*Asks:* 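For reference, the structure I am asking about is given below.
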Protein chains: 2
Amino acid sequence: MTYNHTIYAVLGALTTECRTGYAIKQLIDQSLNHFWKISYGQIYPALKQLVTDDLATIEHISEEGKPQRKEYHLTQKGEDVLKKWLEKPIDQIPTEKNEVLFKLFFARHLPMEHTIRHLREYQKRLQDQYSTYKGIENMLLTNHPKDTDLTYWLITLDYGKRTTQAAIEWTEVTLDTFLKG
Amino acid sequence: MTYNHTIYAVLGALTTECRTGYAIKQLIDQSLNHFWKISYGQIYPALKQLVTDDLATIEHISEEGKPQRKEYHLTQKGEDVLKKWLEKPIDQIPTEKNEVLFKLFFARHLPMEHTIRHLREYQKRLQDQYSTYKGIENMLLTNHPKDTDLTYWLITLDYGKRTTQAAIEWTEVTLDTFLKG
DNA sequence: CCTACCATGTAATTCGTTACATGATTAT
DNA sequence: ATAATCATGTAACGAATTACATGGTAGG
């Protein structure tokens, strides 16, 4: 039996304190945002399937003064399925679809101003992204200094910082060649 | 009227000497491979739509001793639609889905060997990718020294090289922390 | 002969986003 | 009041991959 990435993402999220679909969405948005995205349209059907396939149990909870919610917990089978997948070698290096490079490539016979504008805009966004990473990093270091998970979180952040920094440097040298060359 | 990226990719390809669906696939696989992918299942329906919408003309060609083929040429309208899109600001910075970071994040309570294995495997692939970029670069510099398109090709290659190099460095420092720390 | 390459296409399936729909609670 | 947050879901749509199906030509 083979599952898709969404299932593993939800299984993974359920190894943390996240117990509801809502909380899973939050976790992934906040912690994995720069290398993984997910929508409610994926999460809720996935949770349903987990229960059907005995990978998780569901618990309906109605607490006084709180909205009704459904808490999910991994079963042994669920943990096994996740672990097995985590051990498996990585399939593909997926190609990121980069619209800037795409436009750059096909704009080679068009006026250079457009390209320069795109590059400046892209640079700005990359810089914002970099600032966001730094912000999260500082937040983590001051607010969660004991957490053992911290290391792993910082490692994925470091990846984002390094690749973003490299992309920023690319925009700099590329803008230089266009403006000076 | 708004089109999807596939349409623009095919329009863009038709600004080069590519005239058939087969040639378009080859161009994108060879030149845009590190930031764009496409399949025949996208190309042929797109070409059909281009003709329907008057963005391209079709020409059935039967040459002696050659397989039958269909040559497409951009119309003025096609060129206009492409140019207009190329000028438009970039929508989104899409999040690349990174399975290594994903597994790393969720494997934080699992034995470290798995993670180290994944990192080494990833590093190897990144190094291969980097070599490929260098290979293409050298090929371009020796074989197409006059081409004006060359600059743009080299620029997109440079992006790939820089971000890949940054990712390689990340694997190095991360492996270090796991092995020494 | 057989493999590689040139060439075109469709259908099924999977995957993901977006819009829609609902409703309780908390803080301002 | 009302906005923000917590909470759950479905339906429609769009996009992309994969498998399938076909057939010619060139070179070893």
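Just so we're on the same page: letters track the sequence lines, and every chain starts at 1. The shown structure was predicted, so the numbers you read here are calculated from the model rather than taken from an experiment.
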*Asks:* Measure from the side-chain heavy atoms of A/Tyr22 and tell me the nearest of C/dC6, D/dA16, D/dC6.
*Replies:*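 Nearest to the side chain of A/Tyr22 among the choices is D/dC6.
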*Asks:* Where each residue is assigned the nucleotide of DNA chain C containing its nearest heavy atom, which of A/Glu63 and A/His5 is assigned the position nearer the 5′ end?
*Replies:*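 Final value for this comparison: A/His5.
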*Asks:* Between A/Asp29 and A/Lys25, is the closest basic N to carboxylate O distance under 4.0 Å?
*Replies:*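 A salt bridge is present here (some side-chain N lies under 4.0 Å from a carboxylate O).
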*Asks:* Could you label the plane-to-plane angle of the A/His5 and B/Phe102 rings as parallel, tilted or perpendicular, counting under 30° as parallel and over 60° as perpendicular?
*Replies:*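 Tilted.
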*Asks:* So which protein N/O to nucleotides 17-19 of chain D N/O distances come out below 3.5 Å?
*Replies:*
unit_1 : atom_1 : unit_2  : atom_2 : d
D/dT17 : OP2    : B/Gln42 : OE1    : 2.9

*Asks:* Rounded to whole angstrom units, what separation is found between the CD atom of A/Gln30 and the C1' atom of D/dT5?
*Replies:*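 Taking atom C1' of D/dT5 as the reference, CD of A/Gln30 is at 13 Å.
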*Asks:* It should be established whether B/Gln26 places a side-chain nitrogen or oxygen under 4.0 Å from OP1 or OP2 of nucleotide C/dC5.
*Replies:*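 No, no such contact exists.
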*Asks:* Would you mind reading off the distance between B/Ile43 atom CD1 and D/dA15 atom P, rounded to a whole angstrom?
*Replies:*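 After rounding, the reported distance stands at 16 Å.
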*Asks:* Specify the separation, in whole Å, of atom NE2 of B/His60 and atom P of D/dG24.
*Replies:*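 Atom-to-atom, B/His60 to D/dG24, this comes out as 18 Å.
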*Asks:* Relative to each other, are the rings of A/Phe105 and B/Trp153 parallel, tilted or perpendicular (30° and 60° limits)?
*Replies:*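 Ring orientation of A/Phe105 relative to B/Trp153: perpendicular.
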*Asks:* Measuring to OP1 and OP2 of D/dC6, would you say a side-chain N or O of A/Thr20 lies under 4.0 angstrom away?
*Replies:*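 A/Thr20 to D/dC6 OP1/OP2: no side-chain N or O under 4.0 Å.
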*Asks:* Quick one: sort the B/Tyr40 and B/Tyr22 rings into parallel, tilted or perpendicular, breaks at 30° and 60°.
*Replies:*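 The arrangement is parallel - the two ring planes meet at less than 30°.
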*Asks:* Between B/Lys25 and C/dC6, does any side-chain N or O lie under 4.0 Å from OP1 or OP2?
*Replies:*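 For C/dC6, neither OP1 nor OP2 has a side-chain N or O of B/Lys25 closer than 4.0 Å.
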*Asks:* Please report the closest heavy-atom contact between A/Val100 and A/Asn98, naming both atoms and the distance.
*Replies:*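 In terms of heavy atoms, the two residues are closest at N-OD1, 2.9 Å.
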*Asks:* Is any side-chain nitrogen or oxygen of B/Thr6 closer than 4.0 Å to OP1 or OP2 of D/dA16?
*Replies:*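 Yes, such a contact exists.
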*Asks:* Write down the distance between CD (A/Glu99) and C1' (D/dA15), rounded to a whole number of angstrom.
*Replies:*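 It is 15 Å, rounded to the nearest whole Å.
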*Asks:* Check this for me, if you would: do A/Arg69 and A/Glu63 make a salt bridge, where the nitrogen-to-carboxylate-oxygen distance has to be below 4.0 angstrom?
*Replies:*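 Looking at A/Glu63 together with A/Arg69, the answer is yes, because their closest N to O distance falls below 4.0 Å.
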*Asks:* Under 4.0 Å, heavy atoms only, any strand: does A/Tyr72 hit a base, just the sugar-phosphate, or nothing?
*Replies:*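 Answer is sugar-phosphate: A/Tyr72 comes under 4.0 Å of backbone atoms only.
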*Asks:* Between C/dA7 atom P and B/Tyr44 atom OH, what is the distance in whole Å?
*Replies:*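 Result: 9 Å.
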*Asks:* Answer yes or no on whether B/Lys161 is positioned over the face of A/Trp170, meaning its NZ or CZ is under 6.0 Å from the six-membered ring centre and within 45° of the axis.
*Replies:*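 Negative - B/Lys161 is either too far from the ring of A/Trp170 or too far off its axis.
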*Asks:* Figure out the CG/P separation between B/Asp91 and D/dA15, and round it to whole Å.
*Replies:*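 For the pair B/Asp91 CG and D/dA15 P, the rounded distance is 12 Å.
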*Asks:* Could you list all N or O pairs between the protein and nucleotides 20-24 of chain C that sit under 3.5 Å apart?
*Replies:*
none

*Asks:* Please tabulate, for the side chains in residues 49-59 of chain A, all donor-acceptor contacts under 3.5 angstrom to protein atoms that are two or more places apart in sequence or on a different chain.
*Replies:*
unit_1  : atom_1 : unit_2  : atom_2 : d
A/Thr52 : OG1    : A/Lys48 : O      : 2.9
A/Asp53 : OD2    : A/Tyr3  : OH     : 2.7
A/Thr57 : OG1    : A/His73 : O      : 3.4

*Asks:* Show your reasoning for whether salt bridge (Lys or Arg N to Asp or Glu O under 4.0 Å) applies to B/Arg117 and B/Glu113.
*Replies:* CA-CA 6 Å; B/Arg117 193 156 31 79; B/Glu113 305 100 69; over 6 Å; no
*Asks:* I want to check a possible cation-pi pair here: B/Lys97 against A/Phe35, using under 6.0 Å from ring centre and within 45° of the ring axis as the test.
*Replies:*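 B/Lys97 over A/Phe35 ring: no.
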*Asks:* Output the rounded distance in Å from CG (A/Asp29) to P (D/dA7).
*Replies:*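 Taking CG of A/Asp29 and P of D/dA7, I get 15 Å after rounding.
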*Asks:* Taking CZ from B/Arg69 and P from D/dT22, how many angstroms apart are they, rounded to a whole number?
*Replies:*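 Taking atom P of D/dT22 as the reference, CZ of B/Arg69 is at 24 Å.
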